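Shown next, in C-alpha cells, is the structure this report addresses.
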Number of protein chains: 2
Amino acid sequence: MEKRVTIYDIAKAVDVSVATVSRVLSNSSYPVSPELKRKIKAAAKELGYRPNMIGRQLKTNNSMTIGVIIPSISNPFYANVVLGIEEIARRSGYHVLLCNSQHSPELEAEYLQTLFDKQVKGIIISSISEQKDLINEYISKGLIVISIDQTIDNPDVYQIGFDYKKGGYLATKYLIENGHRKIAYVTAPMNRPSRHDIFKGYQEALLESGITLQEGWLQESALDDIEYQGNAYEFRNGRELVRKLLDLDDRPTAILACNDLTALGIINELHFQGVEVPNQISVIGFDNIELSQMVVPSLTTIDHPKLEMGRFACNLLLDMVNSKPIALKEIILQPKLIIRNSTSRN
Amino acid sequence: MEKRVTIYDIAKAVDVSVATVSRVLSNSSYPVSPELKRKIKAAAKELGYRPNMIGRQLKTNNSMTIGVIIPSISNPFYANVVLGIEEIARRSGYHVLLCNSQHSPELEAEYLQTLFDKQVKGIIISSISEQKDLINEYISKGLIVISIDQTIDNPDVYQIGFDYKKGGYLATKYLIENGHRKIAYVTAPMNRPSRHDIFKGYQEALLESGITLQEGWLQESALDDIEYQGNAYEFRNGRELVRKLLDLDDRPTAILACNDLTALGIINELHFQGVEVPNQISVIGFDNIELSQMVVPSLTTIDHPKLEMGRFACNLLLDMVNSKPIALKEIILQPKLIIRNSTSRN
DNA sequence: TTGAAAGCGCTAACAT
DNA sequence: ATGTTAGCGCTTTCAA
C-alpha cells in the first residue's frame, strides 16, 4: 500500500504551488489558466489523487456529515425515515452517520456526544430519553437539532411531527361509520406522546358519536421501552393484550392498534383463537408500513409518510446548516386513512 | 453560539502547555502529575470542552469510522445486518456511515469514492455492481473491504457468505420429505449469485430424489435490479409469477421462494385466487425476516443469521484495521430450516 | 514531568 | 494568474 498522494505530490509533479492545485481540485471559483487546470487535473488522475476530506474539514470546519439517532433501524418505520434522510443528504453531498440508541438513554447520550465531537453539522433525532437537558446543552454549544416524531421542548429545536391525534380520530371515525360501536384501543405504553395522542383522537371520535369508553376497551401494555427486543415486542404485545379483550363479557367488534406490528399480533392471536378478521372483529393498524399491504388480510391502517418525514427533516436541517431562512419551525405531517381488508361493516 | 473551546483555551486557563493538556485529555499513557491531571480535567469540564475529532484524525490518520454500502436499508434483511454491524462498531468506539446504493452501480461507485475521501478505516459492502474494478482499485490504495452476502473475486477482499445452496437444498428436501414431488422455484432474476445458488440446492435435492425438474417449475422474473422499487418489487414479483404456476396443466403442490417477501406475494395471490395455503399448496420462504413469524399463516422458511452476519463482518473488519491475525478469510454462515405453518404434508 | 514546535492535508488571505 | 504562508485542532517528537 503506497502512501496516499496529496496536493503536494501533484504540485511537485506539475511544478506549481499547492495553492493552485488546491484551487483546481477543490473546484474553487478562483481563476486559474486553462492550461494549468488541464495539467493539474491530468496529473491528479495520473497519480490517482483523492482529496483527504479530513484536511479540508479541519480547515473549513465543515464535515459534510449529519448524524441520525433513532431507536432501531430494524424497525421498518425508522428504516424508511432514514432512507428519506439519506436521499436528501446525498443530493447535497452530505453523509449520514447512523446511530441506533436501542431504546437506551445512556446510548443515546453517548451518541450525542460522539457525534458532536465528530463535528457533524447537525443531527436528526427521535429521542427516547425523558431527559432533554443533554440535547439542550449541545444546542447551546451550537449543534443543530431536528426532532422527528416527538416533541422536544426547546425553541431552538425544529420539529417534524405527525398528527397522531387526527390519525387516531380518522381510524376510529371510520370504524364508527361502518357501524361499530364497541371499539377497543390496544397500545404499547403511552409514555410516548405519539401513542397517547392516538388515544386522544380515539377518545374524541367516540365522544363525538356519543359512545362511552367502556372499562376494558383501553388495553395498554405494562412493559417499558427498555424491554423492547426488536419488533417482536410490538407483535407479542398485540397478541397478549387482545386476549384480555376476548375475555370481556361484551366483546368489542373492532380494535384500533397503536401500530401495524401490534395489529399483526392482534390478528395473529385472533386467528389462533378462531376469531375471523374482519368478519367477526375488525382490526385497524397504524403507520402503513410496507408489509401491511402484503399480509392476508391486508391491513386497513393510517398512513404515516415516513419517507417524506425523513426528507423534510433533512431538508430542514440542511437549510439551517446553510443558514437559509426557515419558513416553518414546526411541520406537522398529516395522516391518511388506507382502507384495506382487515375491517368490515358491523 | 460561543466559539468552540479547544485545548488552547484549557492550556491558558490552567497555565500549562497544550501538550500536557492533550496528554491528559486524550488519555495518553504519557506521565502527567496527578495534580495537573486533576486541574486540567476540572478546567475541561468547567469550560465544557469536547475534543474536535477532526483535528485528532488529521494527526493520527484514524477516522474511527467505517462505511457500509447496501442496496437499501428499507429491506428488512439489510436493516438487521446493519444493526449487527453497528453494534460491534460502537463497542469499539467506531461509527457507521450508512450508504444506500438503491441498486444503482453509479451511486455505489460514488459512495465508494466519497467514503474513501472521508478516510474511513474500511467498508462493508453488499455490492450490486457487476464491475468490481473500482473496488479493486480502492483496495490497491489501501482501503479495507469486507464483502457480505456475495462474492468479489479478489484475494484481498474478505467475505462473509451464506450457504444459499444448502439453504435451497434444505428447503426442497423438507418439502420432498413431506410427500411433495411437484415443487416449483419462484425467484427474482438469478443474476445475483445468491438466488442462483438457491436454485442449485433446489436442483440437487430434486435430483437426489429422482425428481425431474419439469418445464414451468422454474419461474424467474424478467425484471432487472434496476427496477426495484423498495420491497414492493419482491412482493409483486411473487404475485405475478405464481399466476403462471397456476396456469400449468399439472400444478405444483409446493413452491420455494427466493426470499420471504416473494413468498408473501405468492401466498397473497394464492389467497386471492382461492387456493389455500398450506392445504392446497405449500409455500416456503427464505431469509426468516422478523415478519415471517407474524403473518398468517406464519412462514416456513430458511433462517439466515442476519445480525450475526453483520457482527462477523464488523469484527473481521476491525481485526483487519488493527492488523490482527485473521483466522479465516472467508466465513460461510449456515442455513437453518424453520418449520412454521405455510407448509404441510402432501 | 513539562514545554516548544513541527506537522497531519487542506484552504484562503495576502503578496506578487 | 500564480505563489507564499498561516493556521484549522490535535498529537508527538525532541529538548529541557
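Here is the naming used below: chain letters follow the sequence lines, and residue numbers restart at 1 for every chain. These numbers come from a predicted model, not from an experiment.
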Any side-chain donor-acceptor pair under 3.5 Å between A:S129 and A:S127?
no
So if I define the base as every atom that isn't primed, P, OP1 or OP2, how would nucleotides 9-16 of chain C read as a B/S/- string at a heavy-atom cutoff under 4.0 Å?
BBBBBBB-
Which pairs pass salt bridge (charged side-chain N to carboxylate O under 4.0 Å, His left out) with one or both residues in residues 48-64 of chain B, sequence neighbours excluded?
A:D117-B:R50
Donor-acceptor pairs under 3.5 Å, side chain of residues 6-14 of chain A to any protein atom, not counting sequence neighbours: which ones?
{"from": "A:T6", "atom 1": "OG1", "to": "A:Y8", "atom 2": "N", "distance (Å)": "3.1"}
{"from": "A:D9", "atom 1": "OD2", "to": "A:T6", "atom 2": "N", "distance (Å)": "2.8"}

Calculate, to the nearest 0.5 Å, the distance between atoms CG and CD belonging to B:L112 and B:E137 respectively.
9.0 Å
Donor-acceptor pair between A:S104 and A:Q102 side chains, under 3.5 angstrom
no
Residues which pass ring-ring contact (aromatic ring centres under 6.0 Å, His included) with A:F77, listed by chain and number, not counting sequence neighbours:
A:H304
A:D117 CG to D:dC10 C1': how many Å, rounded?
13 Å
ring-ring contact (aromatic ring centres under 6.0 Å, His included) with B:Y138: which residues, sequence neighbours excluded?
B:F116
Using a cut-off of strictly less than 4.0 Å between a heavy atom of the residue and any atom of DNA chain C, enumerate the qualifying residues of residues 35-46 of chain A by number.
none
As an exercise, state the distance from CG of B:L98 to CD of B:E86, rounded to the nearest 0.5 Å.
10.0 Å
A:Q57 CD to D:dG7 C1': how many Å, rounded?
17 Å
